[in-house]
Amino acid sequence: MNIDSHLFLDTLEQMRELLSSPDLESRADNAFLTQIIKDFYSLIDEYATAQIPENAAAEDPKKIKSILAELTSKIDTIEQHVKLETEKLSFLSKVTPKD
């Protein structure tokens with residue numbers, strides 16, 4: 001595994017850790033989002049396996065490219081969800097204390 005792949009895998013693992021924190025998991029009541037996150041975890045595992053030098057997938061750039069494309073798609077979907085949920089809270093910036 002080259003250094004870039006190792007750093008990328010570390011970043012993916014950090015994302016997994018953040019997404020699986022109890023505070024976030026309890027708020028992910030949307031079944032669609034829950035499935036996206038599960039798929040994301042599976043893709044992280046696939047990517048890690050594909051990076052093992054003895055693994056045949058490590059020698060198949062098409063397989064790795066496919067995994068990376070799917071990871072990108074899942075990250076985009078999660079990011080869109082976070083953005084929408086954040087926008088729902090935008091009214092809080094207009095809240096002021098009563099006199």
Side-chain angles (χ1 to χ4, degrees):
M1 182 183 309
N2 67 35
I3 190 77
D4 290 336
S5 296
H6 184 69
L7 291 173
F8 182 62
L9 187 56
D10 285 347
T11 302
L12 290 173
E13 289 297 340
Q14 288 173 1
M15 290 176 71
R16 180 196 317 243
E17 187 176 321
L18 289 171
L19 289 171
S20 63
S21 74
D23 291 338
L24 289 178
E25 266 190 350
S26 65
R27 294 180 188 163
D29 56 357
N30 182 330
F32 172 74
L33 183 63
T34 302
Q35 186 59 48
I36 293 294
I37 292 172
K38 286 179 184 178
D39 294 346
F40 179 68
Y41 294 165
S42 295
L43 287 166
I44 292 172
D45 295 338
E46 270 187 69
Y47 180 76
T49 301
Q51 293 302 316
I52 298 171
E54 303 85 38
N55 191 322
E59 298 173 14
D60 184 1
K62 287 182 183 178
K63 175 69 174 168
I64 292 174
K65 189 174 182 176
S66 172
I67 294 169
L68 291 173
E70 289 183 56
L71 279 167
T72 300
S73 173
K74 301 302 179 199
I75 290 170
D76 287 345
T77 302
I78 293 167
E79 184 178 26
Q80 288 172 357
H81 176 77
V82 169
K83 184 177 179 183
L84 289 172
E85 292 301 310
T86 302
E87 287 174 1
K88 287 180 185 177
L89 297 174
S90 66
F91 75 92
L92 291 173
S93 66
K94 298 174 184 160
V95 174
T96 59
K98 279 189 162 184
D99 290 332

Check side chain to side chain contact (heavy atoms under 4.5 Å, CB included) between Gln14 and all other residues, then give those that pass, not counting sequence neighbours.
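For Gln14, no residue satisfies side chain to side chain contact (heavy atoms under 4.5 Å, CB included) once neighbours in sequence are set aside.
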Atom pairs and distances, donor-acceptor, side-chain atoms in residues 82-91, under 3.5 Å, two or more places apart:
from	atom 1	to	atom 2	distance (Å)
Glu85	OE2	Lys88	NZ	3.0
Thr86	OG1	Val82	O	2.8
Ser90	OG	Glu87	O	2.9

Kindly compute the distance separating [atom1] ([X]) from [atom2] ([Y]), expressed to the nearest 0.5 Å.
X: Gln35; Y: Phe40; atom1: CD; atom2: CZ; answer: 14.0 Å
X: Leu33; Y: Gln80; atom1: CG; atom2: CD; answer: 11.5 Å
X: Thr11; Y: His6; atom1: OG1; atom2: NE2; answer: 10.0 Å
X: Ile44; Y: Asp39; atom1: CD1; atom2: CG; answer: 11.5 Å

Residues at least two apart in sequence or cross-chain that pass side chain to side chain donor-acceptor pair (under 3.5 Å) with Glu17, listed by chain then number, are none
Decide side-chain contact (heavy atoms from CB on, under 4.5 Å) for Lys65 and Lys62; before the verdict, give the C-alpha distance in whole Å, the side-chain angles of both, and the deciding distance to 0.1 Å.
CA-CA 5 Å; Lys65 189 174 182 176; Lys62 287 182 183 178; 5.6 Å; no
Holding to ring-ring contact (aromatic ring centres under 6.0 Å, His included), I want the full list of residues that pass it with Tyr47, two or more places apart in sequence or in another chain.
Phe8
Trace of the side-chain contact (heavy atoms from CB on, under 4.5 Å) decision for His81 with Phe32:
CA-CA 10 Å; His81 176 77; Phe32 172 74; over 6 Å; no
Surrounding CD of Glu79 (heavy atoms of other residues, nucleotides or ligands, distance under 6.0 Å), is the total greater than 12?
no
Let me check something: any side-chain donor-acceptor pairs from residues 67-78 under 3.5 Å, sequence neighbours excluded? List them with distances.
from	atom 1	to	atom 2	distance (Å)
Thr72	OG1	Leu68	O	2.9
Thr77	OG1	Ser73	O	3.0

